[in-house]
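Here is the structure we will look at.
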Amino acid sequence: MATPKSRPRDGQPGRALAFILVVTVALIGLMFATGHRTPRLGIDLAGGTSVTLTASSKDPKAINQANMTTAEAIMLKRVNGMGVSEAETQIQGSKNIIVNIPRGDGKGDTQDAVAQIGTTAKLYFRPVLATGVSIPAGLVKPSASPTPSGSGSPSAGASAKPSAGSSAKASGTGDSSATPSPSGSTAGRAVSQALQAGSTASPSASAQGSASPQPSASQPAAAPAKSPTSVTTGGTVPADMEKQFAALDCTNQEQRSRNYQTSDSANAVACDEKAQSDGTYEKYVLGPVAVNGQNVKDASAVFDTQRSMWIVQLKFDGTGAKAFTATTTTLSAKQQPENQFAIVLDGQNVSAPRVESPIPGNTAEITGSFTQKEAEDLANVLSYGALPLDFTTQSVSTVSPQLGGEQLHAGLVAGAIGLALVVLYSLIYYRGLGLVSIAGLLVSAGLTYSIMCLLGAGIGFALNLPAVCGAIVAIGITADSFIVYFERIRDEVREGSQLRTAVQRAWPRARRTILVSDFVSFLAAAVLYVVSVGKVQGFAFTLGLTTLLDIVVIFLFTKPLITLLARTKFFGGGHPWSGLDPKRLGARPPIRGGRRRPARASVAKEA
């Protein structure tokens, strides 16, 4: 009597196959529905600029993870605030921050973003103690005779800033040429005069009426100066600042850009960041910090229609509002220039507004000869606060769109060649089974591509050149899983098993091998992603993602598909072109002492 055969269960492969196909189609459909049909490309493929910044501080303990994280967030806000879309920031090691700015889309200026990202943006409000002017070498100035530094007279102070809209109210000279003063001070704002003077007259020139006589026609003309001249135009220079103030030459770019704000509680000197219309530069002796820029809550660029000028409006927090009110109350009782306070950004004077009355509230404004872009840039820097550390630019690398396109083309060609070789090998060696591997690769490619497109829009994943390499390596990983399963099936066929039985018996052994292999690959990708930085992380991310997708495809697509194909006559009957022909595989009949199940089947057949 024949013993009935027991056959391993093959489950319901149709459901698993339908599920993976529905998921694949859904992801591709979502990709088209959202409009994200192409992956977001990194700098090395799309073109752009990469900047590496290194942190420094007088206190080594200040360079810590918290401050680096804060600085990274501020840099990202600054760049995105300028309209440069999809910028990336990343901490590298303990001291470096990498800022990647993709190719501009016309909304922002990449060069300006590069210049601003590492700006310290330390803003201070300091009272003005004395003012002066640096005259470039060779500039003829009939009024170059200095005013005594200790005079502090109202006339000297008034001549320091003869700007329209301010001199008539402050000095009482009744200058008929002055335009009516805007109502900024009565509205609770500090009206800046520092950067408005350049369009009218130089400080020293306006002092000539009282400081030195006009040269007559009979007098020889003043010889051009051979070296820069420094003139004190008002206020009292403290004794400890006399030498430093006299030696400060604001016509020198290096000296003008240097930050002399060594201590918040000490006096300092500063230069105007821009020259007057006659080429001279204003310079100042400043008192200790009265209001810290860290107390600025918000800043915005606004066009003042009454004065037809761009201004930067500031809002202080509670601490800043109290300090600002107390400072303006004190300064309003003093004579010019000691009733001014300087708005110092990174050691350079941006504006030196005059205080005519106490300014309560939490708002102020910075005015000057700002263009719209300059006002917006300044507001952008101030809005997001000062960096907690100083940063120096270590490297700036720029990739042109043309070079990026060439690299992308080369990567795609390499991927196409690798895929073609795998397909060719599969068809030659596995024949019909090769079609299964090709179908699996297509499903894996569809899942990978759609997920990358969606991740680019969702979490900002950028496909760079190393990530493309990771995708190419993934082709081999996916093909390797197919090969492991196919060879296990062929081994079972060689042992004399029927194909449907061989498919089920081969699966447990192949499954273990595939899981172990993919686990090792995923573990390597995870470790590489954690310990690496920059573009290498793109390779690790893509490798890890494709490894996970390989498990999904082999479990939900390849295995169910082969199970269904084993029921067909072409594959189940061992057609020579199926890749599972017993004769071609060298299958041998079962022998005594051989495998148990084929032997029992043979006995049943003889009976």
Original post:
Okay, side chain of S134, backbone of C250: is any donor-acceptor separation there less than 3.5 Å?
Top reply: yes
Original post:
Are any of the side-chain heavy atoms of L248 and Y284 separated by less than 4.5 Å?
Top reply: no
Original post:
Any side-chain heavy atom of M68 sitting closer than 4.5 Å to one from I97?
Top reply: yes
**OP:** Please report the closest heavy-atom contact between D264 and R126, naming both atoms and the distance.
**Re:** CA-NH2, 3.9 Å
Original post:
Do L129 and V237 have side chains that get closer than 4.5 Å, going by heavy atoms?
Top reply: no
**OP:** Compare every heavy atom of H36 with every heavy atom of M31, then report the nearest pair and how far apart it is.
**Re:** CG-O, 2.9 Å
Subject >> Distance, nearest 0.5 Å, that separates OG1 of T131 from CG of N349 >> reply: 11.0 Å
Subject >> Distance in Å, T34 OG1 paired with L454 CG, rounded so as to fall on 0.5 Å steps >> reply: 5.5 Å
Original post:
Step by step, would you call N96 with I91 a side chain to side chain contact (heavy atoms under 4.5 Å, CB included)?
Top reply: CA-CA 6 Å; N96 298 326; I91 299 176; over 6 Å; no
Original post:
Got Q394 and L53 here, is their nearest side-chain heavy-atom distance under 4.5 Å?
Top reply: no
**OP:** Mind listing the closest non-hydrogen atom pair of P127 and P288 along with its distance?
**Re:** CD-O, 3.2 Å
Original post:
Would you call L314 and V312 a side-chain contact if the rule is heavy atoms closer than 4.5 Å?
Top reply: yes
Original post:
T319 and D317: side-chain donor and acceptor closer than 3.5 Å?
Top reply: no
Original post:
Measuring from S50:OG to Q90:CD, what's the distance to the nearest 0.5 Å?
Top reply: 9.5 Å
Subject >> Nearest-0.5 Å distance, CG of residue L331 to CG of residue N339 >> reply: 7.0 Å
Subject >> Closest approach of K283 to A246 (non-hydrogen atoms, all atoms of both residues) >> reply: NZ-O, 4.0 Å
Original post:
Please walk me through it: do T327 and T330 pass side chain to side chain contact (heavy atoms under 4.5 Å, CB included)?
Top reply: CA-CA 5 Å; T327 301; T330 302; 6.0 Å; no
Subject >> Note, K95 side chain near I63 side chain (heavy atom, < 4.5 Å) >> reply: yes
Subject >> Cationic tip of R256 above Y281 ring, under 6.0 Å, 45° of axis >> reply: yes
Original post:
Taking side chain as C-beta onward, heavy atoms only, is K297 less than 4.5 Å from F316?
Top reply: no
Original post:
Atom CG of N362 and atom CG of D298: how far apart are they, to the nearest 0.5 Å?
Top reply: 10.5 Å
Original post:
Between L286 and A342, which heavy-atom pair has the shortest distance, and what is it?
Top reply: CD2-CB, 3.6 Å
**OP:** Please name the pair of heavy atoms, one in N64 and one in N67, separated by the smallest distance, quoted to 0.1 Å.
**Re:** OD1-N, 2.8 Å
**OP:** Please check if any side-chain donor atom of T280 sits under 3.5 Å from a side-chain acceptor atom of E282, or the reverse.
**Re:** no
Subject >> E338 vs T236 side-chain heavy atoms within contact, under 4.5 Å >> reply: yes
Original post:
What is the distance from atom CD of E72 to atom CD1 of I98, rounded to the nearest 0.5 Å?
Top reply: 10.5 Å
Subject >> Mutual orientation of the aromatic rings belonging to F324 and F341 [parallel < 30°, tilted 30-60°, perpendicular > 60°] >> reply: perpendicular
